[in-house]
Amino acid sequence: MAALPVGLGILALAVGAASGAPADPVDWVNLYIGSGSGPIGYGQMMTSVVTPFGMTSWTPQTRQNKISRVSYKYEDTAITGFMGTHQPALWMGDYGYVTLMPEIGELKTTPEARRLPFTHSDEIARPDYYSVSMDAGGGRRIRTEMTATTRAAYLRFTFPAHADAKVIVEASRPGHAGFAQVDPARHEISGYNPDRMDAHLGPDALPNFKGYFVIRYRQAFTGSGLYGQGLDQAHGAYVRFDPAPGEAIEAKVGTSFISLDQARRNLDAEIPDWSFDKVRRGLRAEWNAKLKVMDIGGASDDQRHIFYTALYHTLLYPRQFSEQGRYYSAFDDQVHTGVSYTAYSIWDIFRAEYSMLTLTSPGRAGEMIQALLQDYKEGGWMPKWPNPSYTNIMIGTHADSMVAEALTKNLGGFDRKLAWDAVYKDAMTPPDGDTTRRWADREPHTPYEARAGLTYLKQLGYIPADRTAESASSTLEDSYDDFAVATVAKTLGREGDYRFFLKRSLNYKNIYNPATGMMQARNFDGGWADPEAGWTEDWPQIYTWSVMHDIPGLTALMGGRQAFDARLDAYFADDWNSHSNEPSHHVGYLYDYAGQPWKTQAKVREIAADEYANKVSGLDGDDDCGQMSAWYVFTALGFYPVNPASGDYMIGSPLFSRAVIHLANGKSFTVTARNSSEQNMYIQSATLNGRPLDAPVLHYADIMSGARLDFVMGPKPSDWGAGWKPEPLSAVIERMAPDASVRAGGL
C-alpha cells in the first residue's frame, strides 16, 4: 500500500486481508478527507456514522456547530460530546440535535467544562464505526464507540475502573429552549430540541417543530437528575452508573420529528436487540451494498480512497425525512402520510450530484422529486434549500432542473401533473413583494424568494442590478431554469409552453457585453451596471460561462469557436479559475463544444489531481451535499453532465483503466481506457459497443442500455472528437422525449 497521509493510518484497522489491502469498498472510504485545512482547502466534512441518506448523523463534537461552522474539525484536540446532528453543510445550521457525553467526577454540563482531550492515534473513523479514547485526567481514559441506523444510533461508553461514571444528555444548549426527562423504570432519558438555527431565514415560524429523542440504556441507573431547569423545562439530564471493570455502558438512541412515541418506535424497529456488533455489521453491509454500485480497475491506492470517499459523499444527501410511512412537514407544520427527504443543496446538487443519484439510486431520485412536490403542496413552492423548511439560501429555482432531468430520464415515483404545476409557478409567479425587496443573500424573515426579480425579467428580459440583488447571476440561472421548464413542457406534450420557455431561456443574451466579452449586469434603464455588481459568490469571469443549456449560442456571442477557445484559455490561465465553487464545475468540459476536446481531457485531469487528494485537506471547498464529490466521480469515470436536464454527458478523460456502473435495472455500463496513465491522458480513439464514437458526447440511454465505452489513450493530443459540432438548442430539446423502454429500476 502507498504511504498514507497523516491521520489515515487508522484505516489499517478496517483491513480484513492479511496483505493489508482493503477487502471491501467501505474500507477504501477515508472519513478524514475534507475534515481539515491544508494546502488544497477545507471541505468542512465531519466524521460521522450514518446510513446512506440517513435522517440523523452521529459525530464527535470538537466545536460548537452553528451556521458556517460544523461540529468536527481534524485539527481540534478536544471533544465536548457525541452529537446526533442534521446539519447538512457548512453554510447551513443544525436543527433538532441532541448530544451525549460521558464523564467522571463532578457534574459538568457546559461544553467548556466537559471537554476532554483526544488524539487521532486513539481514534477510529469509518462509515460503520467510530471509536475514540479521551483523556479524563490522572491517567484515566474514557472510550466511546458509535454505530448507527437510519434514525437511531448505538453508543458504548467504557469508563475507568471505580470511577463516578455519568452520561449527560444535552437536549438544548444553554440559553435555548428544550426538554428532557428521566424514566428510571424504562432506563430511558427522553426529550426534544425545538432549535432551528436557520429559523430566521424562513418565512414562517413552526410552533410544532421539535427534534425528539429517546435514549434507552442497557444498565439500570444508580442515580439521575436534570439540569438547566426553568419554566418547567429541563435543558438536559444525566444518569449515573456503577459499571464493573471493563464493562461498557450501552445506550440506544431513537430520533424523530413526529413525536416521542415515534422516536421510541423508530428505536424499537431499527435496533430491537442489545447487540452493538450486529448493528455495526448491518451498517457495514448497507454501505458495501451501495458502494459496490461501482467497480474500478487500474487505480492507485490513493485514487481508490479518493474515489470511494467521493462516492460515499454522494450517497449521504438528501436525507430521509420520513418515519415508518409518515413525515413531519416543515412547510405546513403538520404530519402527513408518505415519503419525504430534506437537505437538498439544490443550487449545488442540480449540477451533477442529482445526476449521479439517477444512476446510483434512481428509485430514491424519483422519490426525492415527489418530496419536493409535497413541499410545493404544503408550502406553496418547491424549496431551493430546505433545512428542513424554506431558507431562501442561494438563487434560482433549480428544482426545475431536477424535475426536468427526472422526466428526461423517465424516472417514476412522482406526480407528473403536479410537477408541471410546480415548475410553471416557479417560472411565472413572482414572489411576494418582488418589486419592494432587494432579496439580499440571507436576508432574514422574508417571504419565500422563488425567482427574485421575476417581475422585471418578464418586463425587461433581464433582472436589473439597481432593483434586485444578485441580478446578473439570477438572469443567467433563470435562463437555464427556463430551459428546464421548456424540457418539462416538451416531455409532457405542452408544445405552446415549450416554445415560450425555450425562447425565454435565451434571456442570457441580454446581459452579454460585446465590448468586454463577458456577462454584465444591467440597470433598470438598460445601462450597464458596475462589472462587479449583481453576482452570487463568484465573478463575471466565472459566471460568463453559466449558459449550460446553450453553449453554441454563447459561442456565437463570443465570435465563434476560435474566439470561444481563446477565452477559455484566458480563463484557465487566470486566477479566476476556481474549482472550489460550483458555477465553475462545468467549465473544464467546454472545450468539447468548440473543437478542442483534448484540452478538456487535459484540464479535467489537472483539476482532479490538484483539487482532490487522500488527505484531510483533500477537498477544495465545502462538499455541498455531494456536489464536489460528484464532480470527481463523474470525471474519474470519464464524463460529466454539463447540461443535466438534457440527459447528455460530455466526455473528458477517464482516470482508470476500467470502471463499471452496476445499474439498478440489472445491467452494467462499462468504461475501459487502454494505456491510461498519468501521462496518457489524451483520447486517441473511442468505440461504443464496438462501433466508432467520434463525438465527445454520451447519452443517458447509452448508459442505461448497459453499453460498453472503450477508449484508447495516449501521451499526446489527437484530433479525436474535434470534428463534432454541437446541436443547436432547439434540436437538443426535440430529441429529449424519454424512451419508455429505458427504465431506471429500483433504489
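With respect to Asp400 and Arg451, a salt bridge is recorded, a charged nitrogen being found less than 4.0 Å from a carboxylate O. In this structure, Lys290 does not pair ionically with Glu286, as no charged nitrogen and carboxylate oxygen lie closer than 4.0 Å. Ion pairing of Arg284 with Asp24 is present here, as a side-chain N (NZ or NE/NH1/NH2) and a carboxylate O approach within less than 4.0 Å. The pair Asp421-Lys417 meets the salt-bridge criterion, with a side-chain N (NZ, NE, NH1 or NH2) lying under 4.0 Å from an Asp/Glu carboxylate O. A salt bridge is absent between Glu323 and Arg326; no separation between the charged side-chain nitrogens and carboxylate oxygens falls under 4.0 Å.
When atom types are taken as modelled, the side chain of Asp694 and the backbone of Trp720 share no donor-acceptor pair closer than 3.5 angstrom. A side-chain donor-acceptor contact under 3.5 Å links Arg605 to the backbone of Pro654. Looking at Ser322, its side chain does come within 3.5 Å of a backbone N or O of Ser340 through a donor-acceptor pair. Distance alone, capped at 3.5 Å, places no donor-acceptor pair between the Ser657 side chain and the Ser676 backbone. Distance alone, capped at 3.5 Å, is enough to place a donor-acceptor pair between the Thr408 side chain and the Ala645 backbone. Side-chain atoms of Asp702 come within 3.5 Å of backbone atoms of His699 as a donor-acceptor pair (strictly under, hydrogens ignored). When atom types are taken as modelled, the side chain of Glu367 and the backbone of Val339 share no donor-acceptor pair closer than 3.5 angstrom. Listed for the Asn507 side chain is a donor-acceptor partner under 3.5 Å among the backbone atoms of Arg504.
With a 4.5 Å cut-off on side-chain heavy atoms, Arg708 and Phe669 do not count as touching. Proximity of Glu495 to Tyr498: side-chain heavy atoms (C-beta onward) are separated by under 4.5 Å at one or more points. The side-chain heavy atoms of Asn387 and Pro88, taken from C-beta on, include a pair separated by under 4.5 Å. Looking at heavy atoms from C-beta onward, Pro641 lies in side-chain contact with Phe634 at the 4.5 angstrom threshold. Looking only at side-chain heavy atoms (C-beta outward), Leu506 and Leu729 come within less than 4.5 Å of each other. Leu637 has its side chain within reach of Met294: a pair of non-hydrogen atoms, C-beta onward, lies under 4.5 Å apart. For the pair Asn643/Phe483, a side-chain contact is recorded, criterion being any heavy-atom separation below 4.5 Å from C-beta on.
Side-chain rings of Tyr508 and His549 approach one another, their centers coming within less than 6.0 Å. The ring of Tyr589 has its center no closer than 6.0 angstrom to the ring center of Phe639. In this structure, His579 has its ring center closer than 6.0 angstrom to the ring center of Tyr612. Two rings, from Trp385 and Tyr344, have their centers 6.0 Å or more apart.
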Thr358 and Lys409: side chain to side chain contact (heavy atoms under 4.5 Å, CB included), yes or no, with the steps?
CA-CA 8 Å; Thr358 67; Lys409 295 179 175 180; 3.0 Å; yes
Apply the test side chain to side chain contact (heavy atoms under 4.5 Å, CB included) to residues Arg126 and Val26: give CA-CA distance (whole Å), side-chain angles for both, the deciding distance (0.1 Å), then the verdict.
CA-CA 8 Å; Arg126 301 197 309 246; Val26 71; over 6 Å; no
Pair Phe257, Phe321 - check ring-ring contact (aromatic ring centres under 6.0 Å, His included), show working.
CA-CA 8 Å; Phe257 293 99; Phe321 205 59; 4.8 Å; yes
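Using modelled atom types and a 3.5 Å distance limit, the side chains of Ser653 and Gln601 yield no donor-acceptor pair. A donor-acceptor contact closer than 3.5 angstrom is absent between the side chains of Thr314 and Glu353. Judged by distance alone, the side chains of Gln44 and Trp91 never bring a donor and an acceptor atom under 3.5 Å apart. In this model, a donor atom of one side chain and an acceptor atom of the other lie less than 3.5 Å apart for Glu477 and Tyr543. In the model, His305 has no side-chain atom that pairs as donor or acceptor with a side-chain atom of Asn30 under 3.5 Å. Inspection of the Arg319 and Ser57 side chains reveals an N or O donor paired with an N or O acceptor under 3.5 Å. Looking at Asp623 and Ser629, their side chains do bring a donor and an acceptor atom within 3.5 Å of each other.
Checked against Ser355 for a side-chain hydrogen bond (donor to acceptor under 3.5 Å, both in side chains), the options Tyr700, Tyr649, Tyr640 give a single hit: Tyr649. The one candidate from Thr670, Asn689, Thr672 that meets the side-chain hydrogen bond (donor to acceptor under 3.5 Å, both in side chains) condition with Asp710 is Thr672.
Pairing each heavy atom of Thr600 with each of Gly652, the nearest pair is CG2-CA, 3.9 Å.
Residues passing the side chain to side chain contact (heavy atoms under 4.5 Å, CB included) test with Gln370 are Leu373, Gln374, Phe414, Asp415, sequence neighbours excluded.
For residues 349-381, the set of pairs meeting the ring pair (Phe, Tyr, Trp, His ring centres under 6.0 Å) definition, not counting sequence neighbours, comprises Phe350-His398, Phe350-Tyr480, Trp381-Tyr448. Residue pairs meeting the salt bridge (charged side-chain N to carboxylate O under 4.0 Å, His left out) criterion with at least one partner in residues 651-669, sequence neighbours excluded, do not occur; the list is empty.
Remark: Tyr424 OH is loosely packed, at most 12 non-hydrogen atoms of other residues, nucleotides or ligands lying under 6.0 Å away.
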